[in-house]
Amino acid sequence: MTEERDAGASAGGDNARAWDERLGWAFGLISDDPEERATAVATLAAARKNAQDALDRFNELWWLTLPLGTEEQYREPAFRQAYERHHDFCSHSIPEGLWNLPVGADIRTWPGLPYALLFLEWEARYPQEWTRHAKAWGTKQSLIRGVAVGGHDETVRTKLIDLVEVVVQRAHRCKDREYVRVARAVDCEDLRGRLDTAARSDRPWARCHAGYVLWLLDHPEVPSTRHVWRTWLAGATRE
């Protein structure tokens, strides 16, 4: 069984109130107050341990009941209980609770969207804490790709613009290139103004990264790949 495929799937159709009841504490992870962040990290550690323990029990029963065949496995009460218990614990944790966007759902109206943005903001603002306690590069990539669409409300658009601004000003981290998709999805005067400011800053990485994103915004037909980045960078450094 794979964790990301199965974890939290039963929560996919929940409303915003249910999400808040399960994961409202997670907003402490992006607090400016170190003590509040530490409290949230402790809550997360306990939630992730519960999810892992439930997964271990589920896998144990999966092996024991494997000879029954898939249909009979899910009719076995102990197996079914372990399956549901695992899903429940995952829905109270991140990133596990974010692995449940229903297939074909519109992420713009998904009740889990605030928590997807929270997860990305945590990684952007406190990358070391994120790496230490909830590193999940695949989840980061899939969430960035998921939110990189037009039609978000103004609050979400502003949050996405903020994220692009933060990311371009730091040294590159795994999957940061995906934020070009976001920049293109929310392209506007505000974003370009922030990128222009970063491109004229005294930080070398911010100048390069912001300049590259601005160039890609002006060339929407060009994909953001390592080759394109290296070619652009070689040209920029010769100027």
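A quick note: this is a predicted structure, and the numbers were derived from the prediction, not measured. What you see below is based on every heavy atom in this structure, not just the backbone, and it leaves out hydrogens, waters and symmetry mates. Start at 1 with the first residue, then count along the sequence.
Partner V41 forms a side chain to side chain contact (heavy atoms under 4.5 Å, CB included) with one of E36, R132, H133 and no other, that one being H133. For the side chain to side chain contact (heavy atoms under 4.5 Å, CB included) with L195, the qualifying choice from D190, V213, I161 is V213, the only one to do so. For the pairing with S224, the side chain to side chain contact (heavy atoms under 4.5 Å, CB included) check across R181, E178, R177 returns one residue only, R177. Each of F27, W122, W99 was checked for a ring pair (Phe, Tyr, Trp, His ring centres under 6.0 Å) with Y115, and the lone residue meeting it is F27.
The backbone N or O of V166 sits nowhere less than 3.5 Å from a side-chain atom of R125 that would complete a donor-acceptor pair. Within the 3.5 Å criterion, the main-chain N or O of H152 finds no donor-acceptor partner in the side chain of R157. Panel note: side chain T65, backbone L68; no donor-acceptor pair is recorded below 3.5 Å. Counting only distance, with no hydrogens or angles, the side chain of K140 and the backbone of C174 share a donor-acceptor pair below 3.5 Å. Of the possible donor and acceptor atoms, none in the side chain of E76 sits under 3.5 Å from a partner among the backbone N and O of E72. Using modelled atom types, no side-chain atom of S93 and backbone atom of C90 make a donor-acceptor pair closer than 3.5 Å.
With rounding to the nearest 0.5 angstrom, the CG atom of L29 is 9.0 Å from the CZ atom of R37. Here R200 contributes atom CZ and D196 contributes atom CG; the two are 4.5 Å apart, rounded to the nearest 0.5 Å. Taking OG1 from T43 and CZ from R48, the interatomic distance works out to 14.0 Å, rounded to the nearest 0.5 Å. Atoms CD and CG, on Q141 and D176 in that order, are 11.5 Å from each other to the nearest 0.5 Å. Remark: L66 CG to Q73 CD distance equals 5.5 Å, nearest 0.5 Å. A distance of 12.5 Å separates CG in L44 from OG1 in T39, rounded to the nearest 0.5 Å.
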Original post:
Do R194 and D162 pass the side-chain contact (heavy atoms from CB on, under 4.5 Å) test, and can you show the C-alpha distance, the side-chain angles, and the key distance before you say yes or no?
Top reply: CA-CA 9 Å; R194 298 192 201 190; D162 290 344; 2.5 Å; yes
**OP:** Verify side-chain contact (heavy atoms from CB on, under 4.5 Å) between Y83 and R80, making sure each step is shown before the conclusion.
**Re:** CA-CA 5 Å; Y83 175 83; R80 185 67 193 180; 3.7 Å; yes
**OP:** Evaluate the side-chain contact (heavy atoms from CB on, under 4.5 Å) criterion for residues W229 and C208: first the C-alpha distance (whole Å), next the side-chain angles of each, then the deciding distance (0.1 Å), finally the verdict.
**Re:** CA-CA 10 Å; W229 159 248; C208 284; 4.1 Å; yes
Original post:
Going through the checks in order, is the salt bridge (charged side-chain N to carboxylate O under 4.0 Å, His left out) test met by R22 and E96?
Top reply: CA-CA 12 Å; R22 291 194 305 271; E96 295 88 350; over 6 Å; no
Original post:
Between K49 and D53, does a salt bridge (charged side-chain N to carboxylate O under 4.0 Å, His left out) hold up when you go through it step by step?
Top reply: CA-CA 6 Å; K49 183 180 186 305; D53 289 347; 2.8 Å; yes
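Between W215 and Y212, the ring-plane angle classifies as parallel under the 30° and 60° cut-offs.
Heavy atoms from other residues, nucleotides or ligands lying under 6.0 Å from CD of E189 number 12 at most. Counting non-hydrogen atoms of other residues, nucleotides and ligands closer than 6.0 Å to CD of Q81 gives a total of 12 or fewer.
Looking at heavy atoms from C-beta onward, E221 lies in side-chain contact with H219 at the 4.5 angstrom threshold.
Taking the six-membered ring wherever Trp is involved, the centroid distance between the rings of F119 and W130 falls below 6.0 Å.
With sequence neighbours left out, the ring pair (Phe, Tyr, Trp, His ring centres under 6.0 Å) criterion links H172 to no other residue.
With W205 as the aromatic partner, R207 does not meet the cation-pi criteria of under 6.0 angstrom to the ring centre and within 45 degrees of the ring axis.
Listed here is the closest heavy atom pair of D202 and P204: O-CD, 3.5 Å.
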